[in-house]
Amino acid sequence: MAKILKNREILLVVAIAALLMAITLRFPGFVAPANLARVYNDTSILIILALGQMAVILTRCIDLSMAANLALCGMVAAMINAAFPGVPIPFVILAAVVLGALLGSVNGLLVWKLDIPPIVVTLGTLTIYRGTIFLLSNGAWINAHQMSDAFKALPRAPLAGLPVLSWLSVLAIAAVYLLMTRTPVGRAFYAVGGNPHAAVYTGIDVGRTRFIAYCLSGALAGLSGYLWVSRYAVAYVDIAAGFELDIIAACVIGGISIAGGIGSVPGAVLGSLFLGVIKNALPVVNISPFAQLAISGTVIIIAVAVNARAEKRRGRVILKKAEAV
């Protein structure tokens, strides 16, 4: 029983269930299957982004530019579609993913080759990517009437009872899970985050591993950029402004250690869902946006405190004091 209570994923499932039960007392319709499917769909983009952020955090880094990367890739995808409506949607998506991976690689190279602290690098690229959006668009919006019907329809298209957006998040979860648990790259993420000095002695290139993590993070941000602008049918400079905080919060709530080396795909998904349920439920119970921010911040602080406590390890006695004869 004690082992179960120490399992972050199980605790999150219990917390989400308790949260849903509390909401149900006032709004029974919230837990209807159709509504829960909508909540999952609303959280799908956050899940995809949290998976990318998780890979970076595992290596003792952080990516504060994910939301800006999303916005730039989304704007480029919308501009391609507006200028060339006949371009096949898969090509537009591929362009967004490749651009996102390239932007992520910029972060990775700066961290790897110049040894600049990740928080400084990604704060800098965050502003660069936002500024680039303004330069590309001259501050203009791309609205629904400028986008083709096919461009806007894909995330909403129903498939086996769920929108394509939901299925894409499921596909991302499966792909990242396999990467983390069945490939040398995934094991390298954990090794680098757990002890980068020891990882070097096992033949792992720490800088290259972090570079790969940033490329993965960028590629998922690029995919999310297309999904965001097509789902909401609008592209502008401030898309997803501040969303990087939600992404990091989802990871922290999911038990992914900011110190690196600890975390799991189920944890990132459950952390995102926990946040998604809160964000969908608070407006329903008429809580003001300012109070919502305070509640979200409180949840993050509690999650960080729980993580810090869980990660404490007892020191091991290496040398014992000799007893007097």
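Just so it is clear, the model here is predicted, and its values are computed rather than measured.
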Worked check of side-chain contact (heavy atoms from CB on, under 4.5 Å) between V265 and V269: CA-CA 6 Å; V265 170; V269 174; 4.3 Å; yes
Side-chain heavy atoms of S230 within contact of M147, under 4.5 Å: no
Indicate if L171 and L216 have the same hydrophobic cluster label, given that clusters are the connected sets of ILVMFWY residues with side-chain heavy-atom separations under 4.5 angstrom. no
Linking I/L/V/M/F/W/Y whenever any side-chain heavy atoms sit under 4.5 Å apart, do I278 and F27 land together? yes
Sorted by chain and residue number, the ring pair (Phe, Tyr, Trp, His ring centres under 6.0 Å) partners of F151 (sequence neighbours excluded) come out as Y226
Minimum heavy-atom distance between V237 and I133, given as atom pair plus value: CA-CG2, 3.7 Å
Are there more than 12 heavy atoms of other residues, nucleotides or ligands under 6.0 Å from atom CZ of R156? yes
Single-linkage hydrophobic cluster, 4.5 Å side-chain cutoff, M79 and V98 together: no
Could you state the interatomic distance from CE (M180) to CG (L178), rounded to the nearest 0.5 Å? 11.5 Å
How far does SG of C73 sit from CG of L220, to the nearest 0.5 angstrom? 11.0 Å
Does R210 form a side-chain contact (heavy atoms from CB on, under 4.5 Å) with W112? I'd like the steps, not just the answer. CA-CA 7 Å; R210 288 172 173 166; W112 178 14; 6.0 Å; no
One thing to verify: whether K279 and D42 come together as a salt bridge, which I'm taking to mean a side-chain N less than 4.0 angstrom from a carboxylate O. no
Do L36 and V170 sit in one hydrophobic cluster, given that two such residues count as connected whenever their side-chain heavy atoms are within less than 4.5 Å of each other, even indirectly? yes
Can a donor-acceptor pair be found, under 3.5 Å and without considering hydrogens, that links the side chain of N81 to the backbone of S148? yes
With distance as the sole criterion, is a donor-acceptor pair present between the side chains of T122 and D63 under 3.5 Å? no
Just by distance, do the side chain of Y129 and the backbone of L103 share a donor-acceptor pair under 3.5 Å? yes
Among all residues two or more places apart in sequence or in another chain, which pass the salt bridge (Lys or Arg N to Asp or Glu O under 4.0 Å) test with R60? none
Shortest non-hydrogen separation from P266 to E9 and the atoms involved: CB-CG, 3.9 Å
Looking at CG of L51 and CG of L46, how far apart are the two atoms once the value is rounded to the nearest 0.5 Å? 9.5 Å
Given 3.5 Å as the limit, does a donor-acceptor pair link the side chain of T24 with the main chain of L20, or not? yes
Distance from W228 atom CH2 to F243 atom CZ, nearest 0.5 Å? 4.5 Å
Co-members of the apolar cluster containing V206 [side chain, <4.5 Å]: V192, V200, I204
With distance as the sole test, does W167 use its side chain to make a donor-acceptor pair with the main-chain N or O of L159 at under 3.5 Å? yes
If you define the side chain from C-beta out and look only at heavy atoms, does anything of N41 sit under 4.5 Å from L162? no
All ring pair (Phe, Tyr, Trp, His ring centres under 6.0 Å) counterparts of Y190, not counting sequence neighbours: none
Under 6.0 Å from the CG atom of L123, do we count more than 12 heavy atoms belonging to anything else shown? yes
Quick one: salt bridge (charged side-chain N to carboxylate O under 4.0 Å, His left out) pairs with a partner in residues 120-144, sequence neighbours left out? none
Any donor-acceptor N/O pair, N69 side chain to S65 backbone, under 3.5 Å: no
Grab the two heavy atoms, one from G52 and one from S217, that are nearest each other, plus how far apart they are. O-CB, 3.6 Å
Taking every non-hydrogen atom, the tightest pair across I258 and I57: CA-CG2, 3.9 Å
Which heavy atom in I23 sits nearest to a heavy atom in A281, and how many Å separate them? CD1-CB, 3.1 Å
Any side-chain heavy-atom pair from I239 and V234 closer than 4.5 angstrom? no
Hydrophobic cluster identity match, L245 and I45, side-chain contacts under 4.5 Å: no
Is it true that, when you exclude F84 itself, more than 12 heavy atoms of the residues, nucleotides or ligands shown sit nearer than 6.0 Å to its CZ? no
Under the criterion side-chain contact (heavy atoms from CB on, under 4.5 Å), I'd like the reasoning laid out for V56 against N107: C-alpha separation, chi angles, the key distance, then a yes or no. CA-CA 11 Å; V56 173; N107 292 329; over 6 Å; no
Do we see a donor-acceptor contact under 3.5 Å between the side chains of Y214 and T59? no
For a 4.5 angstrom cut-off between non-hydrogen side-chain atoms, does L154 reach I93? yes
Rounded to the nearest 0.5 Å, what's the gap from OG on S137 to CD1 on I142? Could you check? 7.5 Å
Identify the heavy atoms of L12 and G271 that sit nearest to each other, and give their distance. CD1-N, 4.0 Å
If you apply the rule side-chain contact (heavy atoms from CB on, under 4.5 Å), what do you find for V13 with L270, and how did you get there? CA-CA 7 Å; V13 170; L270 289 169; 3.9 Å; yes
Value rounded to 0.5 Å, distance of CZ in R182 from CZ in R187: 9.0 Å
Check whether any side-chain heavy atom of I47 sits under 4.5 Å from a side-chain heavy atom of L273, and report yes or no. yes
By salt bridge (Lys or Arg N to Asp or Glu O under 4.0 Å), which residues pair with D205, not counting sequence neighbours? none
